[in-house]
Amino acid sequence: MNDTVEPLAAASVADPSAVAAPLFAWWHANARDLPWRFGRTTPWGVLVSEVMSQQTQMSRVVPYWRAWMDVWPDAAALAAASPAEVITAWGRLGYPRRALRLQECARVVAGECADELPRSYDGLTALPGIGDYTASAVMSFAFGMRIAVIDTNIRRVLSRVFTGVESLGGSAKPAERDLANRVLPADAGESVTWNQAVMELGALVCTAKSPRCDVCPVSGLCMFLAAGRPGLGERRTRPRQRFQGTDRQVRGIVLDALRRLPAGGGDGGGDVGAAGTMPGVPSLPRAQARQLWADRAQLDACIASLDDDGLIEILPDGSLRLPRA
DNA sequence: CTCCAGGAAC
DNA sequence: GTTCCCGGAG
């Protein structure tokens with residue numbers, strides 16, 4: 001079977017331009033009409049959409065993004081908000097530390113960058129909460145620069161199409177980055193479409209467990225399909241993340257209770273006579289907080305960790321509230 | 001039960 | 001490299 005020797009390493013990879021043509025046609029016909037696409041928002045709006053989309057489905061992000069950008073259309077506006085407002089607006093998007101980091105990011109951009117995002121990868125990754133993926137995505141989608149975007153979808157699609165194997169777990173390996181850079185179109189504009197189209201294909205067609213190869217625009221060029229889809233769904237890109245009974249659930253319950261407190265100083269039925277409490281951000285008496293979770297030790301540990309993360313404040317009397325500053 | 005456009009701390 | 005953050009839809 002191995003009677004022919006590959007003359008060059010590049011020869012083992014399908015011609016990217018042959019993949020791009022059907023992929024781009026598919027993109028133009030099937031791209032989701034997300035409100036931050038197609039030049040309808042600012043670079044800051046793109047960054048907000050990317051942060052909200054981390055580990056969260058787009059369908060859930062859209063309404064939050066619209067409401068968020070309506071209230072805080074730029075970094076300066078978000079920088080001026082209180083953390084309590086920001087955490088409340090984040091709602092149930094999940095991983096609320098992202099909200100806090102996004103505001104820290106806004107304060108840096110507003111305070112040190114004249115309210116304009118850095119236009120370099122290094123400048124972007126230096127911002128709080130902005131890592132490799134988000135910096136690359138902003139460079140590509142907001143600024144139109146030619147840069148390879150590497151996320152879990154793109155890793156999966158490129159690995160399948162061009163090498164015929166499933167991408168492995170863990171962080172992106174040098175070989176995966178080399179591949180992404182090698183197949184990225186030379187033209188900047190085409191590179192942006194490529195990044196978005198490959199990502200969209202991974203989200204809608206070339207999914208992890210049940211890829212819809214029957215409707216895939218590049219099935220005829222896909223090495224993974226040609227090889228019989230070896231090891232399909234065999235390995236996850238991340239270890240499974242349970243939720244029930246974990247600190248993540250307990251933290252979510254505590255934070256949700258604080259978000260639900262009536263605004264304007266109500267305390268949900270606790271001691272209204274606490275003379276020292278300020279109006280504006282209501283607090284939850286510790287006695288009520290204890291009823292949120294049966295395991296006292298776990299609850300107290302979670303309250304402490306939320307405090308460490310800056311997601312809540314613990315008042316001298318032990319009551320809890322969202323941070324005012 | 002599974003799925004999902006990450007980042008940062010250790 | 002491993003582990004910790006979260007939540008809702010299917």
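Note that the structure is predicted; figures quoted are calculated from it, not measured.
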How many Å lie between CG on A/L93 and P on B/dA5, as a whole number? 15 Å
Could you check whether the side chain of A/R37 and the base of B/dA5 have a donor-acceptor pair of N or O atoms closer than 3.5 Å, going by distance alone? yes
In terms of the nearest nucleotide of DNA chain C, which residue is placed more toward the 5' end: A/S59 or A/T246? A/T246
Strictly by modelled atom types, are A/R212 and A/T207 linked by a side-chain donor-acceptor pair under 3.5 Å? no
Looking at A/E176 and A/S159, would you say the former's side chain and the latter's main chain have a donor-acceptor pair under 3.5 Å? no
State which of B/dT2, C/dC5, B/dC4 makes the closest approach to the side chain of A/A208. B/dC4
Here the residues of residues 27-36 of chain A within 4.0 Å heavy-atom distance, strictly under, of DNA chain B are A/R32, A/L34, A/W36
Comparing A/R60 with A/D132, nearest DNA chain B nucleotide closer to 5' gives the residue A/R60
Passes side chain to side chain donor-acceptor pair (under 3.5 Å), A/W293 versus A/Q298? Steps please. CA-CA 8 Å; A/W293 193 252; A/Q298 185 180 23; 2.8 Å; yes
How far, in whole Å, is C/dC4 from B/dA5 if one measures between their P atoms? 23 Å
Is the closest basic N to carboxylate O distance between A/R146 and A/D187 below 4.0 Å? no
Atom pair distance, as rounded to whole Å: CD in A/E50 and P in B/dG7: 9 Å
To the nearest angstrom, how far is A/K209 atom NZ from C/dG10 atom C1'? 11 Å
Is A/M58 touching bases, backbone alone, or none of the nucleic acid, heavy atoms closer than 4.0 Å? base
Between A/D33 and A/R40, is there a side-chain N and carboxylate O pair less than 4.0 Å apart? yes
Under 4.0 Å, heavy atoms only, any strand: does A/S49 hit a base, just the sugar-phosphate, or nothing? nothing
Heavy-atom nearest nucleotide on DNA chain C taken for A/D256 and for A/S171; more 5' hit belongs to A/S171
Any carboxylate oxygen within less than 4.0 angstrom of a Lys/Arg side-chain nitrogen, looking at A/R156 and A/D151? no
B/dC1 P sits how many Å from A/F243 CZ, rounded? 13 Å
Quick check for you: among C/dC4, C/dG8, B/dG6, whose closest atom lies nearest to any side-chain atom of A/R92? C/dG8
Residue A/P96, side-chain atoms from C-beta onward, closest of B/dA5, B/dG7, C/dC5: C/dC5
Could you state the atom-to-atom distance from CE of A/M199 to P of B/dC4 in whole Å? 14 Å
Do A/E190 and A/L184 come within less than 4.5 Å of each other through their side chains, counting heavy atoms only? no
Could you tell me the separation between the CD atom of A/Q57 and the P atom of B/dG6, rounded to a whole number of Å? 10 Å
Let me know the distance between CG of A/L102 and P of B/dA8, rounded to the nearest Å. 12 Å
Need to verify one output field. Residue with the more 5' nearest nucleotide on DNA chain B, A/I130 or A/D151? A/D151
Heavy-atom donor-acceptor pair, A/R98 side-chain to B/dG6 base, under 3.5 Å: no
